[in-house]
Amino acid sequence: MGINVNNVNTLFELFSGESADSEWAPVVTMAVSEVTAMLLPDADDTDTRLEFLAAAVANYRTQEIKLSSGKAEYEYVGKMSSGGVRASLTGAETLMREYVQMCSGLINAKTFIFETIPPKEG
């Protein structure tokens, strides 16, 4: 049966504020595949915690993409700023790490790659 992708989509929208049926759909699909690949051989792939983890991974990847592409910059009182997005990436990373910890009995977290993008200068 596997991870319920509909539930992952709903959680992704809650975490990111983005539509899972939009340009971010491939990111959600990749996150589900990433979590599935981390499963321990005897893990129950229908465990609800995995849905939260997949959504958190998708949210983290989305925030990485936004920051690296400059899409996250916004105008505030005539000035461009991406400080809020760095905070979003940090928050997404914290959320994801908490779900990795919560799923520690289901996954091999050593296969998961955590990377952060250095702040954009300027």
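This chain uses plain numbering: 1 for the first residue, then up along the sequence.
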Checklist entry - Could you give all pairs that pass the side chain to side chain donor-acceptor pair (under 3.5 Å) test and reach residues 43-57, with sequence neighbours left out? => result Asn7-Glu51, Asp44-Thr46, Asp47-Arg49
Checklist outcome for this item: So OG1 of Thr36 and CD1 of Ile3: to nearest 0.5 Å the spacing works out to 3.5 Å
Checklist entry - Side-chain contact, heavy-atom cut-off 4.5 Å: Ser104 with Gln101? => result yes
Next on the checklist: Do Tyr60 and Leu89 have side chains that approach each other closer than 4.5 Å (heavy atoms only, starting at C-beta)?
Outcome noted: yes
Checklist entry - Roughly how far, to the nearest 0.5 Å, is OG of Ser88 from CD of Glu93? => result 13.0 Å
Checklist entry - Minimum heavy-atom separation for Leu95 to Asn59, with atom names? => result CD2-ND2, 4.4 Å
Next on the checklist: Taking side-chain contact (heavy atoms from CB on, under 4.5 Å) as the definition, give me every residue that meets it alongside Ala43, ordered by chain and number, with sequence neighbours left out.
Outcome noted: Leu39, Leu40, Leu106
Checklist entry - Can you find a pair of side-chain heavy atoms, one from Thr62 and one from Phe15, that are under 4.5 Å apart? => result no
Item to check | same_hphob_cluster(Phe52, Met30) at 4.5 Å side-chain heavy-atom cutoff | outcome: no
Item to check | Residue pairs involving residues 6-18 (criterion salt bridge (charged side-chain N to carboxylate O under 4.0 Å, His left out); sequence neighbours excluded) | outcome: Glu18-Lys66
Item to check | Atom pair OG/CD of Ser68 and Gln63 - distance to nearest 0.5 Å | outcome: 11.0 Å
Next on the checklist: Suppose we screen for side-chain contact (heavy atoms from CB on, under 4.5 Å). Which residues come up paired with Ala31, at least two apart in sequence or across chains?
Outcome noted: Val57, Ala58
Next on the checklist: What verdict does the side chain to side chain contact (heavy atoms under 4.5 Å, CB included) test give for Val8 and Val35, after you've listed the backbone C-alpha separation in whole Å, the side-chain angles of each residue and the deciding distance to 0.1 Å?
Outcome noted: CA-CA 11 Å; Val8 174; Val35 170; over 6 Å; no
